[in-house]
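Take a look at the structure below.
Values below: all heavy atoms of this structure, side chains included; hydrogens, waters and symmetry mates excluded. Given the structure is predicted, the values throughout are model-derived calculations rather than measurements.
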Amino acid sequence: MKSCQVFGDALTTSNVIRGEKDILIDIISKLTDRSEKEGLPFEKVVFIQSVSIQKIELQANILNFNGWLEEIPYAYFNELKKWRENLFIDKADKIERYLKLNSRENIKLKDISKELGISEQSLNTIFKKKYGMTTKKYLIELKIENAKELLTTTELKIHDISEYLSFIDESYFISTFNKSCGITPSKYRQNYIDKLLNKKSV
């Protein structure tokens, strides 16, 4: 009689363990579907699913059921978070390359959006997350660097440089340059010439 009771207890325990495992596997199934809908690549979803199920099935006992309830969703959400961050970085790099290639132009958000297939609403969020500034501010910095090069390597007039870099007008170019460098374009050029002359006279 005692042996029958032991067998019955074991059967009950086994059913409980199987039941807990089935609950966890059902959660995995739901998280898998959800992650796919959120855009997580299929191969990543399948990998997390197979690893999670394997870990559960290899357990002789589900000693900490609540712990598993926390661990399994975390595996999915953590992977989804990393994937989204990488996606943002990839997009930020594409935006940065586009800005560099078109730094002479008067680029608008709609231009970047159309060219790269990224919504206008998310452009600055994506870019600022990696580069710490808006696309407009970054473009201005690129234009200022281009202006410095033109001021020191060509004899182009300030007005012509302003037009070449697609500033609204000369006065806006001068004020923007002054704000960025603490000096006007003309003074910047003159300082450069003076340094060259000083080097020659030494």
Are K94 and D90 within salt-bridge range, i.e. N to O under 4.0 Å? no

Walk me through it: do Y76 and T32 pass the test side chain to side chain donor-acceptor pair (under 3.5 Å)? CA-CA 8 Å; Y76 280 88; T32 298; 2.7 Å; yes

For atom NZ of K128, decide whether the heavy atoms of other residues, nucleotides or ligands shown that lie under 6.0 angstrom number more than 12. no

On a heavy-atom basis, which atom in E155 and which in R189 lie closest, and how many Å separate them? C-NH2, 3.9 Å

List the atom of P73, the atom of L31, and the distance in Å for their closest heavy-atom pair. CA-CD1, 3.6 Å

K55 and E71 ion-paired at < 4.0 Å: yes

What pair of heavy atoms forms the shortest contact from I144 to S180, and how long is it? CG2-OG, 3.9 Å

Compare all side-chain heavy atoms of T184 with those of F177 and state whether any distance is below 4.5 angstrom. no

Results of side chain to side chain contact (heavy atoms under 4.5 Å, CB included) for S103 - residues two or more places apart only: L139, L142, N146

For residues 40-50, please give each side-chain donor-acceptor pair under 3.5 Å, one per line with the distance, not counting sequence neighbours.
{"unit_1": "S50", "atom_1": "OG", "unit_2": "V46", "atom_2": "O", "d": "3.1"}
{"unit_1": "S50", "atom_1": "OG", "unit_2": "F47", "atom_2": "O", "d": "3.0"}

Any side-chain to backbone donor/acceptor pair from D111 onto K108? Under 3.5 Å, distance only. yes

On a heavy-atom basis, the closest approach of E57 and I25 is OE2-CD1, 3.3 Å

Can you get from I140 to F173 by hopping between Ile, Leu, Val, Met, Phe, Trp and Tyr side chains that sit under 4.5 Å apart? yes

